[in-house]
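Small disclaimer: the values here were computed from a predicted structure and weren't measured. FYI, the numbering just counts along the sequence from 1.
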Amino acid sequence: MSQRRPTSISDIARAAGVSHPTVSRALNDSPLISAGVRQRIQRLAKNMDYTPNALAQGLRATRSHTIGLVMTSIADPYFSDVVRGIEEVARPAHFSLFLSAAHNDPAQQMAAIETLRRRRVDGVLMASTQLSTQIEEYLAHLGIPTVLVNNETDSESALTNWVVVDDIEGARLATEHLQQLGHNKIGYIGVNNRPRSNRQRTEGYLAALDAAGVASDPCWVAMPAQSGSVLSEAEAEGPTHDARVGRAQMSRMLDAGVSAVLCFNDMVAVGALRCCHELGVSVPGQVSIVGYDDIGLAGYLTPSLTTVRQPGAELGHLAARLLLDLLEGRPVLNHVLSPTLVKRESTAALQPS
C-alpha cells in the first residue's frame, strides 16, 4: 500500500475555498485575516492532519534577502526587460536575485526549485514557465511565497498570485491593424515551447478574423511540430531558435497566399523577414509582417518592425513588488497589463494584385 501524501497548504486552500496566501496567513495568526476565518482554517487544518513544514518555518524565520527567478530560457531577449524590472525593485529593498532557466522541462524546474531551496531564498518568481500541479504543490508544501510572471498553471486555486500581459488583446490589436490596412488573408506563425502565450495569441488572432467575418484557412496557421520538426535537435535551443522557426515557417505562409503575417514574437519575425529577403519577397510591398514583444532590435531592422509592445519592465516591477508584499504579509492584488501596438515600416496597405 502506498504511503499517504502529507496534507499541504494547497489541500487546505481547496477545502476551505480560499487562496494559498490566506491559508498561510491564517495558520500564522496574521492580523490581516479575520478571527473567524483564522479559526475556521485552523480547525480545518487540524482535522486534515496538517503538519507544518519545518524547513519552511525556518526559511520564514531567517531572511536570506534573496529571490529566485525560474524562467523558460535566458535566450529570449524580451526577458532582459523583465529581469531589469525585477532588479530595479529588488535591489533598493536589499534583495539579490538568483536566476535559473528550466526550458519548460518539469525535471529542470524541480531541480531549479531544489537549488533555490538550498540557497534559502525568501520567495520565488516563476516566469513564462509551464507549471505542473506537482511543482505547485511542492512549492506550497515548502511554504515559499511564489508569484507567477506571465505564466500558466495546471490548477486555478493553489497559486493565486500573478502578473500577466493580456496576450489575447495583443494579438487582436495586431490582427485588427492588418485588417485596417486592407488585409484579409492574414497568417500566424506560432511556437510550441510557450503553450500559454501561444494559445492565447492564436485565440486573439482568430477572434479578430471572426469579428471581421473572415473564415480562417488552416493553411494560414503555421506551428513547428513537437517532434519531427524542420529544426534539428541541435537547433532546438539557443538565441536563434525562434528566428529559425520564423525562417522555416514563412515559406509556408507565402505558399498559402497570405498578404500579411502575425508572428508569435519579434525573433520569429526576424526569421520571417530573413526568409522574405532570401526569396526576393518585398516587405511590406508584397507581404506585411508584425512581431510581438517590441525588443530593442525591432526598431533597427530593415524594414523596422511593426510589433506589439509588452511592458516587460513594468511586468518585472509589479511581480517583484507583489512578492515583497507577500513576504511582509501585506495584502496583494493580481495584475493584468495591457499591450500596445507600435506601428513601423514592416506593415503597409494591401497593394492591388
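- The shortest heavy-atom contact between Val23 and Ala13 is CG2-CA, 3.6 Å.
- Considering only heavy atoms from C-beta on, Ser100 stays 4.5 Å or farther from Leu69 through its side chain.
- Residues Met223 and Met253 share a single hydrophobic cluster, defined by chaining ILVMFWY side chains whose heavy atoms lie under 4.5 Å apart.
- Annotation: side chain of Ile67 is not in contact with side chain of Phe98 (no heavy-atom distance under 4.5 Å).
- A salt bridge is defined here as a Lys NZ or Arg NE, NH1 or NH2 lying under 4.0 Å from an Asp or Glu carboxylate O, and Asp294 with Arg344 meets this definition.
- The main-chain N or O of Met110 is never found under 3.5 Å from a side-chain atom of Glu114 such that the two would form a donor-acceptor pair.
- With no hydrogens or angles considered, no side-chain donor-acceptor pair links Asn198 and Asn192 at under 3.5 Å.
- The main-chain N or O of Thr22 is found under 3.5 Å from a side-chain atom of Ser19 such that the two form a donor-acceptor pair.
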*Carefully, step by step, assess Arg84 and Glu88 under the rule salt bridge (charged side-chain N to carboxylate O under 4.0 Å, His left out).*
CA-CA 6 Å; Arg84 175 170 57 83; Glu88 286 174 353; 3.4 Å; yes
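- Using a 4.0 Å cut-off between a side-chain N of Lys or Arg and a carboxylate O of Asp or Glu, Glu278 and Arg247 qualify as a salt bridge.
- In this structure the side chain of Val147 never reaches within 4.5 angstrom of the side chain of Met126, judged on heavy atoms.
- Between the side chain of Ser96 and the main chain of His94, no donor-acceptor pair closer than 3.5 Å is present.
- Using a 4.5 Å cut-off between side-chain heavy atoms of Ile, Leu, Val, Met, Phe, Trp and Tyr, with links allowed through other members, Val82 and Leu337 fall into the same hydrophobic cluster.
- Under the 3.5 Å distance criterion, the side-chain polar atoms of Ser304 are matched with a main-chain donor or acceptor of Glu345.
- Between Pro284 and Ser346 there is no side-chain heavy-atom pair separated by less than 4.5 Å.
- Although no hydrogens or angles enter the test, the distance criterion places no donor-acceptor pair under 3.5 Å between the side chain of Asp81 and the main chain of Pro311.
- Because its NZ or CZ atom is not both nearer than 6.0 Å to the ring centre of Tyr188 and within 45° of the ring axis, Arg201 does not count as a cation-pi partner of that residue.
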*asked:* Evaluate Asp167 against Arg196 for salt bridge (charged side-chain N to carboxylate O under 4.0 Å, His left out), listing each step before the verdict.
replied: CA-CA 9 Å; Asp167 277 328; Arg196 172 198 159 278; 3.3 Å; yes
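- Between Val308 and Thr340, the closest side-chain pair of non-hydrogen atoms is not below 4.5 Å.
- Put simply, the side chain of Leu297 reaches to within 4.5 Å of the side chain of Val270, judged on heavy atoms.
- A donor-acceptor distance shorter than 3.5 angstrom exists from the side chain of His183 to the backbone of Ala348, with no hydrogens or angles considered.
- A salt bridge is defined here as a Lys NZ or Arg NE, NH1 or NH2 lying under 4.0 Å from an Asp or Glu carboxylate O, and Asp242 with Arg194 meets this definition.
- Atoms OG and CG, from Ser64 and Leu116 in turn, are 10.0 Å apart once rounded to the nearest 0.5 Å.
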*Take Asn150 and Gln310 through the test side chain to side chain contact (heavy atoms under 4.5 Å, CB included) and record every step on the way to the result.*
CA-CA 11 Å; Asn150 241 16; Gln310 293 204 83; 3.4 Å; yes
*Starting from the C-alpha separation in whole Å, work towards a yes-or-no answer on side chain to side chain contact (heavy atoms under 4.5 Å, CB included) for Ile86 and Phe79.*
CA-CA 10 Å; Ile86 293 169; Phe79 279 100; over 6 Å; no
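- Closest approach of Pro224 and Gln249 over heavy atoms only: CA-NE2, 3.8 Å.
- Salt bridge status for Arg14 with Asp11: present, with a side-chain N to carboxylate O gap under 4.0 Å.
- Within a 6.0 Å sphere centred on NE2 of His65, heavy atoms belonging to other residues, nucleotides or ligands number more than 12.
- Of the N and O atoms on the side chains of Thr347 and Ser288, not one donor lies less than 3.5 Å from an acceptor on the other residue.
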_side chain to side chain contact (heavy atoms under 4.5 Å, CB included) for Arg119 and Thr66? Distances and angles first, verdict last._
CA-CA 8 Å; Arg119 288 182 175 272; Thr66 57; 5.7 Å; no
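- Considering Val164, Asn161, Val163 in turn, Asn161 is the only one that fulfils the side chain to side chain contact (heavy atoms under 4.5 Å, CB included) rule with Asn334.
- Put simply, the side chain of Ser8 does not reach to within 4.5 Å of the side chain of Tyr50, judged on heavy atoms.
- Distance alone, capped at 3.5 Å, places no donor-acceptor pair between the Gln351 side chain and the Gln286 backbone.
- Put simply, the side chain of Arg199 does not reach to within 4.5 Å of the side chain of Thr202, judged on heavy atoms.
- Annotation for Gly85 and His317: closest pair O-CD2, 2.9 Å, computed over non-hydrogen atoms.
- When hydrophobic clusters are built by joining Ile, Leu, Val, Met, Phe, Trp and Tyr residues whose side-chain heavy atoms come closer than 4.5 Å, directly or via intermediates, Val342 is not grouped with Val283.
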*asked:* Please determine whether side chain to side chain donor-acceptor pair (under 3.5 Å) holds for the pair Asp49 and Thr7, giving the CA-CA distance in whole Å, both sets of side-chain angles, and the decisive distance to 0.1 Å.
replied: CA-CA 7 Å; Asp49 294 323; Thr7 298; over 6 Å; no
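- Criterion: ILVMFWY side-chain heavy atoms under 4.5 Å apart, direct or through other members. Under it, Leu254 and Val258 are part of a common hydrophobic cluster.
- Using modelled atom types, one side-chain atom of Asp266 and one backbone atom of Ile295 make a donor-acceptor pair closer than 3.5 Å.
- Residues Tyr292 and Val221 are members of separate hydrophobic clusters, defined by side-chain heavy-atom contacts under 4.5 angstrom among Ile, Leu, Val, Met, Phe, Trp and Tyr.
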